Structure formats: structure tokens, C-alpha cells
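These notes are about the structure you will find just below.
Keep in mind that what you see is a predicted model, and the values were worked out from it rather than measured.
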Amino acid sequence: VSQSRYQIHEEHTIYLQAATYVLTRPRTEIDDSAFAIEYFDDEDASIGDLDIRQKFRITGTGSATTVIDANKLDRHFSIAPQGALTLTHLKLINGKNSQMGGSIFNKGVTNLHSVVLLNNMALSSYHPGNGGAISNFGELKVQRCEFVNNLASFGDTSLTYGGAIYNEGNAYIRDSAFRNNQASTDDEISYGGAIYNSGNADIARSLFTGNYTQGGGMAIFNASTMKL
């Protein structure tokens with residue numbers, strides 16, 4: 001997967017063959033204890049996660065064969081307010097961020113279809129955060145996806161929300177599975193083992209099993225508007 005500053009006004013499609021694509025350019029290191037707002041400061045698309053500022057579609061051959069491995073260097077994707085990303089038939093693994101969205105941070109439009117999000121994490125010992133796999137502040141559509149072993153974990157009197165998904169925008173989820181996701185903290189209470197909603201969420205025909213949190217909502221914690 002090439003990392004570049006996208007300036008294309010029409011939707012571009014990338015077809016990924018059966019392979020594992022590993023991110024190799026770590027983002028600039030920051031002092032995590034300094035409460036840096038890192039999920040807004042990454043303007044250099046040549047390092048760290050893949051920045052989406054226009055319309056992109058990425059299609060693989062299947063979640064068992066096409067894998068994007070963030071190598072625990074950063075999350076996979078950040079979608080800007082003007083950006084739109086569609087992912088189909090692939091797997092996202094080993095994303096890591098110290099504040100929001102271990103795999104995907106969305107402020108635009110994100111559509112996921114037949115995607116597996118596995119072993120992604122948002123964690124820090126110093127400040128609050130959320131969304132082990134996804135933090136959504138825009139429009140999120142999830143269909144036929146799996147969220148497995150994702151973790152949101154924060155400390156230093158910090159609350160933690162959403163082991164798999166934190167939603168503060170609009171989220172539509174169908175025919176998906178959430179297994180063994182976790183929201184935890186060392187000295188406060190965490191909420192939403194799989195999903196924490198403080199926006200608008202519409203969830204149906206989905207499976208939740210083995211998810212965990214210390215506070216309310218082993219599967220889902222709703223703090224706003226939700227349709228089940």
C-alpha cells in the first residue's frame with residue numbers, strides 16, 4: 001500500500017491481490033505523557049497511517065487472503081472530513097494508536113463490507129481515549145464485518161469507551177460479529193466492551209460474544225440515540 005497525499009477528486013479504486021501488505025513508515029514519535037492531541041496532528045501522509053482526503057475504494061480478494069498489517073506502528077487509516085473510504089474483502093490487523101481509533105479514525109465517510117478487524121488497539125497510560133478498532137465522528141457503514149480481539153485501554157484517571165467501536169457520529173451496522181473485544185482502564189470505569197455510542201447508531205442482525213468491560217455494557221453502551 002503506497003502512502004501519499006491524496007488529491008484526487010473522483011473515486012479511485014485500488015485492487016489488492018492476495019498478500020500481506022505491511023506498513024513500514026512509523027509516524028513521528030511524540031511524548032505520550034504530554035497529552036499531545038496526536039489524532040489531529042498527522043499531516044504528513046508519507047509516514048504513519050494512510051491519510052484519506054478524497055474518495056477511495058480498496059478491494060481485496062477476501063479477508064483470509066488480503067491483509068493490511070499496520071505492524072503496530074500506527075492506525076491503518078485516517079479519513080478527513082472531505083474524505084471517503086470504502087474497504088471490501090480484506091483484513092486489517094495490528095493497528096495501534098495512543099488516543100482514538102486503533103485501526104480507523106473517521107471524520108468523513110467510511111464504508112466497510114466483508115472486512116475483518118483483528119488485534120487492533122487504542123491505548124495509553126497517560127490520557128483518555130476510545131475505539132480499539134474504530135473511532136467515528138462522521139458517517140460509518142459496516143456490513144458483514146468481524147471485529148475480533150480489539151482493545152481500548154487507558155489509564156491515569158482516564159475513562160475508556162468502546163473496545164471495538166466508539167461512535168460520536170452516525171453508525172449503521174448490519175450482519176456483523178463482535179468477538180472478544182475489550183474496553184478497560186487501570187483506575188476508572190470503562191464502558192462498551194464492543195460498542196460505545198454517543199451519536200446515532202442503527203444496529204441489527206449482529207452477533208456479540210465474549211466482549212468485556214469493567215463498567216456498563218459488556219456488548220453495547222448507549223449514551224445517545226440507538227435503534228436495535
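For the pair Val142 and Phe147, the minimum side-chain heavy-atom distance is below 4.5 Å. The side-chain heavy atoms of Ile173 and Phe178, taken from C-beta on, include a pair separated by under 4.5 Å. Proximity of Leu159 to Tyr196: side-chain heavy atoms (C-beta onward) are nowhere separated by under 4.5 Å.
Between the side chain of Asn181 and the backbone N or O of Gly132 there is no donor-acceptor pair closer than 3.5 Å. Side-chain N or O atoms of Thr185 include one that pairs as donor or acceptor with a backbone N or O of Phe154 at under 3.5 Å. Put simply, the side chain of Asn167 gets close to the backbone of Asn200: a donor and an acceptor are under 3.5 Å apart.
Residues passing the side-chain contact (heavy atoms from CB on, under 4.5 Å) test with Thr213, sequence neighbours excluded: Ala183, Ser190, Met218. Every side-chain contact (heavy atoms from CB on, under 4.5 Å) that Thr65 has, sequence neighbours left out, goes to Ala18, Thr61.
Between Phe56 and His12, the angle of the ring planes lies from 30° to 60°, which puts this pair in the tilted group.
A donor-acceptor pair shorter than 3.5 Å cannot be found between the side chains of Thr88 and His113.
Because its NZ or CZ atom is not both nearer than 6.0 Å to the ring centre of Phe137 and within 45° of the ring axis, Lys107 does not count as a cation-pi partner of that residue.
With a 6.0 Å radius and a threshold of 12 heavy atoms from other residues, nucleotides or ligands, Arg144 has its CZ atom at or below the threshold.
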